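For reference, the structure discussed in these notes is given below.
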Amino acid sequence: MNLLPLPELLRVARLAAGRQAWGEVRALLAPALELVRSSPELTVLLAEAEYRGNRPNDAAALAATVDALPAGSAPDAIRSRAANVVGAAAFTMGRLADAEGAFTRALERGRQAEDDLVAAKACNNLGNVLSVRGDVDGALARYRLAIPLYQRVGQPRGLAECYHNMAIVSRGQRRWDEADDFERRAIDFARQANDARLLAMALVGRAEVALASGDAAPAAILAARAADSLRDLDDTAMEADARRLIGEAETARGQFDAAATALLLAHNLARRAGDALIAAECTEGLAKLAAVRGDADAATRLGTEAVAAYRAIGSPTAVQRAEALLTRLGLPPR
């Protein structure tokens with residue numbers, strides 16, 4: 001196999017990553033693993049590609065080698081990116097404490113390097129950890145720190161992610177209009193970035209708002225549009241989330257067979273992607289479906305599984321929500 005020399009390999013990989021062509025990055029770098037490992041930046045690029053390809057374990061293992069490098073042995077911005085990947089992989093796998101530690105390292109290094117983009121990503125990611133833990137004020141504070149940093153570097157992709165994440169927090173507080181406004185902003189920035197994945201993610205967010213405010217039919221339509229787009233983009237984790245929402249909407253509409261099909265597919269996709277939180281949410285969705293179908297035994301089993309999964313992740317808000325389902329069934333939370 002003819003491999004490119006390292007400077008050319010780095011140039012081509014950077015260009016592909018800039019286009020978010022992570023499949024190209026992996027195809028380029030994976031066959032040159034020995035050469036890649038000699039370059040911290042190439043190692044991080046391959047780790048990012050592995051993460052985008054739904055291989056969080058592989059991503060974490062690669063990025064950890066750069067994250068662990070001592071100060072001065074690689075640029076702080078590259079070590080920050082490595083820590084962000086370690087954190088993102090840990091977050092996906094439900095290890096919130098590990099994710100928080102990695103994102104904190106990323107933020108510190110980004111500030112030391114005076115790199116607003118990597119610092120903004122770390123702030124945004126820390127907000128996600130706090131959001132899952134139910135720390136609303138802490139999450140919003142991190143997102144609000146990230147927004148001006150993204151604005152300073154002209155990064156609409158990051159702004160789309162931030163506004164989507166703020167919508168999730170607002171939705172949890174039942175502030176439907178505010179949540180929908182944040183998702184609309186996320187859509188605007190996703191379009192500016194020409195990022196189909198982020199656009200689909202924001203559509204899922206708007207579907208969540210519609211469902212939570214009682215509009216199940218438009219929620220199912222929006223989620224289906226997003227799911228089809230994410231399938232074409234080969235984003236397994238996000239497709240799982242969209243199909244979970246289709247299942248939740250079909251449950252609310254009384255279309256139980258369609259709901260079961262969507263939720264089971266979503267659960268399989270989430271497990272394939274290694275996304276512990278989405279898998280737990282699918283289990284909770286299946287428990288709700290069993291409950292409305294009158295299958296108390298299945299609802300109890302699935303609800304108990306969801307509680308255990310949320311406890312393992314460290315999401316007290318989700319634990320309370322799943323326990324409330326068991327309580328409505330007349331069963332003590334386990």
Side-chain angles (χ1 to χ4, degrees), residues 56 87-100 103 124-140 142-143 164-176 179 201 204-205 207-209 211-213 219 223 237-238 240-249 251-252 259 262-264 266-271 273-292 298-329 331-334:
F91 183 86
T92 294
M93 293 184 285
R95 301 201 300 263
L96 292 192
D98 292 342
E100 183 176 25
F103 293 145
N124 186 40
N125 289 331
L126 281 167
N128 292 342
V129 171
L130 295 172
S131 178
V132 171
R133 284 183 174 155
D135 183 352
V136 171
D137 292 339
L140 288 174
R142 298 305 188 282
Y143 297 142
H164 171 70
N165 292 334
M166 291 173 75
I168 292 172
V169 173
S170 296
R171 196 170 67 236
Q173 299 296 297
R174 303 179 67 84
R175 299 196 298 265
W176 313 130
M201 182 175 71
V204 172
E208 290 270 21
V209 173
L211 178 60
S213 57
M238 281 302 303
D241 197 37
R243 297 203 183 278
R244 172 198 61 80
L245 187 53
I246 294 170
E248 298 263 13
T251 298
L263 287 167
L264 288 169
H267 192 264
N268 288 337
L269 289 170
R271 287 174 63 86
D275 197 304
L277 180 59
I278 296 175
E281 290 172 337
C282 292
T283 302
E284 182 186 359
L286 287 164
K288 292 177 189 173
L289 175 60
V292 298
T300 300
R301 175 177 56 80
L302 291 162
T304 302
E305 287 178 12
V307 168
Y310 288 137
R311 280 187 179 141
I313 291 168
S315 179
T317 304
V319 168
Q320 291 169 9
R321 189 179 64 232
E323 285 182 338
L325 172 63
L326 294 175
T327 300
R328 289 196 299 274
L329 291 170
L331 300 161
R334 300 182 181 183

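Just the heavy atoms: all of them, side chains too, but no hydrogens, waters or symmetry mates, feed the values below. These figures come from a predicted structure and were not determined experimentally.
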Query raised in the report: Do R142 and N124 have side-chain heavy atoms sitting under 4.5 Å apart?
Result: no
Requested in this report: State, with a plain yes or no, whether a side-chain heavy atom of N128 is found less than 4.5 Å away from one of F91.
Outcome: yes
Report summary line: Distance col, row L130:CG vs N125:CG, nearest 0.5 angstrom, shows 11.0 Å
Report summary line: Separation between CG (L264) and CG (L286), nearest 0.5 Å, reads 5.0 Å
Query raised in the report: Who are the salt bridge (charged side-chain N to carboxylate O under 4.0 Å, His left out) partners of R271, not counting sequence neighbours?
Result: none
Report summary line: Output for pair (R95 CZ, I313 CD1), nearest 0.5 Å, gives 12.0 Å
Query raised in the report: What are the two closest non-hydrogen atoms of A99 and G87, and how far apart are they?
Result: CB-O, 3.4 Å
Requested in this report: List the atom of K288, the atom of L325, and the distance in Å for their closest heavy-atom pair.
Outcome: N-CD2, 3.9 Å
Query - Spacing of R243 atom CZ and L263 atom CG [to the nearest 0.5 Å] - result: 12.0 Å
Query raised in the report: Is there a donor-acceptor pair under 3.5 Å between the side chain of S315 and the backbone N or O of V132?
Result: yes
Query raised in the report: What heavy-atom pair brings T251 and A259 nearest, and what distance separates the two atoms?
Result: OG1-CB, 3.3 Å
Query - Pairwise side-chain contact, V204 with H164, heavy-atom cut-off 4.5 Å (strictly under) - result: no
Report summary line: Nearest heavy-atom approach of D135 to G138 is OD1-N, 2.9 Å
Requested in this report: Taking side-chain contact (heavy atoms from CB on, under 4.5 Å) as the test, write out the residues that go with Q173, two or more places apart.
Outcome: V136, R175
Query - Minimum heavy-atom distance between E284 and Y310, given as atom pair plus value - result: OE1-OH, 2.7 Å
Report summary line: On a heavy-atom basis, the closest approach of R244 and A266 is N-CB, 3.3 Å
Report task. Sequence neighbours left out, what passes side-chain contact (heavy atoms from CB on, under 4.5 Å) with L211? Give chain and number order. Result -> A216, A219, L245, E248, A249, A252
Query raised in the report: Is there a donor-acceptor contact under 3.5 Å from the side chain of S131 to the main chain of G127?
Result: no
**Report entry** Evaluation steps, side-chain contact (heavy atoms from CB on, under 4.5 Å), between M201 and D241
**Finding:** CA-CA 9 Å; M201 182 175 71; D241 197 37; over 6 Å; no
Query raised in the report: Thinking salt bridges, do E323 and R311 make one under a 4.0 Å N-O criterion?
Result: yes
